[in-house]
Amino acid sequence: MPDGLPSNGRIAAAFDLLGDLLELEGAVRHRVLAYRRGAARVRAAGESVARMALEGRATSLPDIGPTLQAKVVELAETGTMAALDKARARVPEGLVAVARLEGIGPKRAMALHTHLGVRGTADLRAAVDTGRLADVPGMGRRTAEALAAQLAGLGPDGVSADQRVSLGVALPLAESLVRDLREEPGVLRAEVAGSLRRGRETVHDVDVVVAAEDPAAVFAALERSLLVERVLSGGEARRAVMTHRGVRVEVAVAPPARFGNLLQHATGSAAHNVRLREMAVRRGWSVSEHGITREDGALDVHADEDGVYAALGLRTPPPELREDRGELAQAAGDVPWPDLLRVEDLRGEVHVHTTWSDGTASVARMAEAAAARGYAYLGIADHSQNLAMAGGLSADRVRRQWEEIEAVNAAMEGRIRVLRCTEMDILADGRLDWDDDLLAGFDVVTASLHSALGRPGPEVTARLLEAVASPHVDIIGHPTGRMLERRGHAAVDIARVAEAAAATGTLLEINSQPRRLDLDSDMARIALEAGACLVVSSDAHNPDALELVRFGVIVARRAGARAADVANTGPWEALVCPGAPRRAAP
DNA sequence: GCCGTTTTCGGCCCGACTGTTTTCAGTCG
């Protein structure tokens, strides 16, 4: 991609902002939706949408029509979007943040603006403090209290830390709660739903659905749970609670006969459900959590999700794919769903640590734990000399570790093959931390960025491309270096790295550590579209942490990865970089 | 603004819940 063109992220942000501003102005709802859909489509695109638009091809993307394409062209050629600039002149941009506050939406944000002259969260705070909120129609005491509490939690810039929690925290919590609810008499089924069931890497709350005739009994059980701190809200059919861990949980109950309708509804995503209901409306039907209403008014209810989709003439999409990215069109046709990766498909791993660097268990204990999981191989990949902070090995210690690995292999008597691996630093200047002689002695080499992650995009990308080009490097570890809740992705041009990796057969890692989940599912999808293959690693630093691969598998599934796309579903030799493409881009 | 097994124009998802209302608009998922 030539430099200077606006990135997909930049274009998507412009469309999102334009949609937000138009919504504040009270524009027709569907016009707003059109910009939001366009933004999501651009963000998920695997190639440069600016380039596509300049060549007149962007309208081949769903949800991108002539108007949006023209705006992309304008942004690419002039660096600005006139419609956006005009909207900004009409509506203060700070109102977007106001409208995002809980309980406030576009209408109320605009009312705050017209009645009190509020232009952002700072103005709103002043209005709350001086009690002027009561001057706005529809704003009472409760609203003022809720706003005061929220604004107190905002930073000086008025931007709230996004209260999202990692899949690695939320899923075990949700599963624990679901297990408890299943113990309850009268509960026939209880399942995790929502974004967690779709495998999002972070979620803002946990959704649970329950099949039972008596919702009140279920809610009583929920409120007795030791996990629950307090009740937030609730009516007849649903209840929201806050857990001690600070995660919001919403539980909905339906009679068993229409549990499938509720599970489908609660799993979403919102965009998937909107698209599904649009399809139903075209037949004169209506879909809700209560059932499918046919044109004659008959209500169709289903105990399981397959029944709901089948009634609409669709095959049930895997939950991880329900993001309105074309899955409903596929559900209506004959093209089978991809056979998405499962934890059982993994035959081994090549990125775990031991006490040789910053792990807490010996080579032997890690090997035993891996054998107990049924792995055929385990690659010991301790840190290289540059990462002194994490006990990176010297070349001397590497050779001594190899002797220990051989001893463990002998002791394991063929129950598992322990491999000589390394997680080698890619240095700040792009060089590799080991020389070619030593590199030739490893079975599988993972190269990772651990420093200078904040450098400009072209620089970080160039370092990764250099590592991909090395004949000794088999895998790029946690390619973007992100840490959830600490730092974002390095400014890696993942499409370029994936293209290069596809050409050389270098693998890209999905690191399963809950704080990393890197590649994320969007980037992993881009990697697969470029023809690259993946490897899923636990990056375990102790035996129990081998379990963490389940999270990496979920990320891979969201990316649409099949077992064939993930190299460690095969023998360990399949992880060695062939220096040539493993498969063509789809 | 996008889109088509009703349509190139006229449609475009659905219900629960809250707070502030005395009958419902706005927000949320």
Enquirer: Using a heavy-atom cut-off of under 4.0 Å over every strand shown, decide if Arg31(A) touches base, sugar-phosphate, or nothing.
Expert: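 Since a base atom lies under 4.0 Å of Arg31(A), the category is base.
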
Enquirer: For the pair Asp63(A) and Arg275(A), evaluate salt bridge (charged side-chain N to carboxylate O under 4.0 Å, His left out) and give the outcome as yes or no after the intermediate values.
Expert: CA-CA 12 Å; Asp63(A) 304 320; Arg275(A) 195 73 77 173; 3.3 Å; yes

Enquirer: Looking only at atom C1', what distance separates dA16(B) and dC12(B), rounded to whole Å?
Expert: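 Taking atom C1' in both dA16(B) and dC12(B), they lie 22 Å apart.
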
Enquirer: State which of dC17(B), dT20(B), dG1(B) makes the closest approach to the side chain of Glu236(A).
Expert: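 Minimum distance to the Glu236(A) side chain belongs to dC17(B).
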
Enquirer: Which one, dC12(B), dT20(B), dT7(B), comes nearest to the side chain of Val281(A)?
Expert: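 Per side-chain heavy atoms of Val281(A), the pick is dC12(B).
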
Enquirer: Please figure out whether Arg238(A) or Met139(A) has its closest DNA chain B nucleotide nearer the 5' end.
Expert: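 Checking each residue's closest nucleotide, the 5'-ward one belongs to Arg238(A).
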
Enquirer: Name the nucleic acid region contacted by Arg275(A), choosing base, sugar-phosphate or nothing; use a 4.0 angstrom heavy-atom cut-off, strictly under.
Expert: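 If one applies the 4.0 Å heavy-atom cut-off, Arg275(A) turns out to touch nothing in the nucleic acid.
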
Enquirer: Answer with base, sugar-phosphate or nothing: what part of the nucleic acid does Gly38(A) contact at a heavy-atom distance below 4.0 Å?
Expert: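 Answer is nothing: Gly38(A) stays at 4.0 Å or more from every strand.
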
Enquirer: Hey, is Glu47(A) close enough to Arg51(A) for a salt bridge, meaning N to O under 4.0 Å?
Expert: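 Answer for the salt bridge query: no.
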
Enquirer: Could you give the distance separating dT20(B) and dG15(B) at their P atoms, to the nearest angstrom?
Expert: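 26 Å, rounded to whole Å.
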
Enquirer: With a 4.0 Å limit, can you tell me whether Ser288(A) has a side-chain N or O closer than that to the phosphate oxygens OP1/OP2 of dC13(B)?
Expert: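 Ser288(A) to dC13(B) OP1/OP2: no side-chain N or O under 4.0 Å.
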
Enquirer: Under 4.0 Å, heavy atoms only, any strand: does Pro62(A) hit a base, just the sugar-phosphate, or nothing?
Expert: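 Counting heavy atoms under 4.0 Å across all strands, the contact made by Pro62(A) is with sugar-phosphate only.
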
Enquirer: Examine dT18(B): is either OP1 or OP2 under 4.0 Å from a nitrogen or oxygen in the side chain of Thr143(A)? Give yes or no.
Expert: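 No, Thr143(A) has no side-chain N/O under 4.0 Å of OP1/OP2 on dT18(B).
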
Enquirer: Name the nucleic acid region contacted by Ala237(A), choosing base, sugar-phosphate or nothing; use a 4.0 angstrom heavy-atom cut-off, strictly under.
Expert: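 Sugar-phosphate: the residue Ala237(A), judged by heavy atoms under 4.0 Å, touches backbone atoms but no base.
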
Enquirer: Using a cut-off of less than 4.0 Å, is there contact between a side-chain N or O of Ser286(A) and OP1 or OP2 of dC14(B)?
Expert: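 Yes, Ser286(A) has a side-chain N/O under 4.0 Å of OP1/OP2 on dC14(B).
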
Enquirer: Got a list of protein N/O to nucleotides 24-29 of chain B N/O distances below 3.5 Å?
Expert:
| unit_1 | atom_1 | unit_2 | atom_2 | d |
| --- | --- | --- | --- | --- |
| dT27(B) | OP1 | Gly105(A) | N | 2.6 |
| dT27(B) | OP1 | Gly105(A) | O | 3.2 |
| dT27(B) | OP1 | Arg108(A) | N | 3.0 |
| dT27(B) | OP2 | Lys107(A) | N | 3.4 |
| dC28(B) | OP1 | Leu101(A) | O | 3.4 |
| dC28(B) | OP1 | Gly103(A) | N | 2.5 |
| dC28(B) | OP2 | Ile104(A) | O | 3.4 |
| dG29(B) | OP1 | His204(A) | NE2 | 3.3 |

Enquirer: Would you mind pulling out the nucleotide paired to dT8(B), Watson-Crick or G-U wobble, both distances under 3.5 Å?
Expert: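 Matched dT8(B) with nothing under the 3.5 Å cut-off.
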
